[in-house]
Amino acid sequence: MVQQLEQLEAEAKAALSEVSDAPALERFRIDYLGPKGKLKSAMSWLKDASPEDKPKLGQGLNQLKQQLEGEFKQKQETLGDAKPRVTGPAIDVTEPGDPPRMGRVHVLRQVIDELIEVFGRMGFDVAEGPELEDEQHNFVDLNIPPEHPARDPLDNFYLDATHLLRTQTSTVQIRVMEQTPPPVRIVSLGRVYRPDTHDATHSSMFHQIEGLYVNEKVTMVDLKSTLMQFAHAFFGKDAEVRLRPSYFPFTEPSAELDIKMTVRGKTEWVELGGCGMVDPNVFEAVGYDPEKWTGFAFGLGIERIAMKRYGIGDIRWFYENDTRFLSQF
Ligand code: FA5
């Protein structure tokens, strides 16, 4: 057994003396000093050794180990790091990368785009107006008198005595008619602001779609059939439309648009917004001849439309930027 040890020592030293570069040194380390190396397996001789040989053999093995490790270290210092070096970049460029998280169009923007498309097919152009408005466009020209409760400062976000964040997209009706001679056929989609208390169906910032059609001999039939076409195109051919009498200062007669739909097995009438025939006072305010021109207008809440379309239970989810919600659309 002692002889075996001497043989191992001679063999290891010869192997080490032949090492001339870092890869060879690493091979030596694996062959002799590694966990599956020859020195490790030589340790198993101990259990077969006779009691009198055992201490000597143990000592010899330890000495050999220390010696080889010492010489290994020395060589390592002269030859450099013996561990296999990764040549090239430290990352494996052939590995498939983490797929980038793709963004997507916000559900409200998707609905807005679809509304533009649906009304575009019916001949409506898209018009835009400012979110920061003056009282003239938000109220006066829309036939909303100074004493009307809608003008209460507590019901509006006023920025100074005469400017406020628009409370409705009806302002764009005025801006378009001021600049365009009739006939006009536009939709306008955008943000509006009201200091409403936040709950599942109310937000202080939300979106509306405004529609305005002015021509000769326009009637309620045109209004209802346009809204019906929209409902069928957007909610499916089974959607039913109902106009419920209502009041808006800028339309006469006025109505609320309800849509009958089945949400999670429950059929109900859902209010989407207001509509009516453009009030002659509005035509006068923008310089249209009310004796000649007739028209209809409507203003619908886009969040409400989206909520009904997708069965979304809370308006606040649109604005929380929670990708678990947004990625569903
Ligand atoms: C108007 O804003 C009128 N300008 C609509 C109109 C246009 C009538 C043209 C006639 C002619 P109303 O205040 O009802 O009407 O609002 C319209 C819709 O906006 C509501 O039916 C609802 O869908 C939505 N809406 C109103 N307030 C909120 C709110 N706080 N949060 C979310 N949606 C709202």
Side-chain angles (χ1 to χ4, degrees), residues 108 111-112 115 119 124 127 129 131 133 137-139 141-144 148-152 155-157 164-177 184-214 218 220 222-224 226-227 230-231 234 241-259 261 269-283 286 294-309 312-319:
L108 281 177
V111 169
I112 287 171
L115 291 171
F119 282 101
F124 285 81
E131 291 174 24
E133 263 299 2
H137 290 89
N138 202 83
F139 300 124
D141 291 345
L142 284 165
N143 199 31
I144 304 175
H148 195 281
R151 292 180 67 161
D152 189 325
D155 286 334
N156 296 284
F157 290 116
L164 70 161
L165 295 176
R166 69 178 179 190
T167 55
Q168 49 187 350
T169 43
S170 300
T171 53
V172 187
Q173 288 185 36
I174 303 300
R175 290 192 173 272
V176 168
M177 288 191 282
V184 293
R185 182 155 36 176
I186 57 99
V187 281
S188 187
L189 307 93
R191 293 191 190 100
V192 299
Y193 303 84
R194 294 179 192 179
D196 288 349
T197 306
H198 288 193
D199 63 20
T201 53
H202 291 85
S203 166
S204 51
M205 184 285 298
F206 60 99
H207 296 72
Q208 284 188 338
I209 172 170
E210 189 82 10
L212 173 70
Y213 177 50
V214 180
V218 180
M220 281 296 262
D222 299 309
L223 169 61
K224 190 167 180 184
T226 302
L227 292 173
F230 148 68
F234 196 83
V241 169
R242 168 172 90 176
L243 292 185
R244 200 162 27 88
S246 184
Y247 173 77
F248 293 98
F250 35 92
T251 45
E252 182 59 38
S254 303
E256 295 289 345
L257 169 70
D258 294 342
I259 290 199
M261 55 180 62
W269 287 101
V270 178
E271 179 195 310
L272 290 187
C275 59
M277 303 307 292
V278 180
D279 193 291
N281 287 345
V282 174
F283 282 146
V286 297
T294 45
F296 67 70
F298 57 86
L300 319 177
I302 295 180
E303 279 81 350
R304 302 270 174 93
I305 293 174
M307 288 166 83
K308 288 305 152 198
R309 163 84 169 265
I312 295 166
D314 197 311
I315 197 170
R316 290 165 288 200
W317 297 342
F318 288 120
Y319 318 117

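Counting convention: from 1, in listed order, for ligands and their atoms alike. Bear in mind that the values here come from a model prediction, so they are computed numbers and not experimental data. Along the sequence shown, residues carry numbers from 1.
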Nearest-0.5 Å distance, CE of residue M307 to CD1 of residue I302: 14.0 Å
Would you please indicate yes or no on a ring centroid separation below 6.0 angstrom for F298 and F119? yes
Scan side-chain atoms only and decide if E210 and S188 contain a donor-acceptor pair under the 3.5 Å cut-off. no
Going from CE on M220 to OG1 on T294, what distance comes out if it is rounded to the nearest 0.5 angstrom? 13.0 Å
Are D141 and F250 side-chain neighbours, meaning at least one heavy-atom pair lies under 4.5 Å? no
So, using ring pair (Phe, Tyr, Trp, His ring centres under 6.0 Å) as the criterion, who are the partners of F318 when residues are at least two apart? none
Proximal protein residues to ligand 1, non-hydrogen atoms under 4.0 angstrom: Q168, S170, Q173, R194, D196, T201, H202, S203, F206, Q208, E210, F248, F250, T251, E271, L272, G273, G274, C275, A297, F298, G299, G301, R304, I315
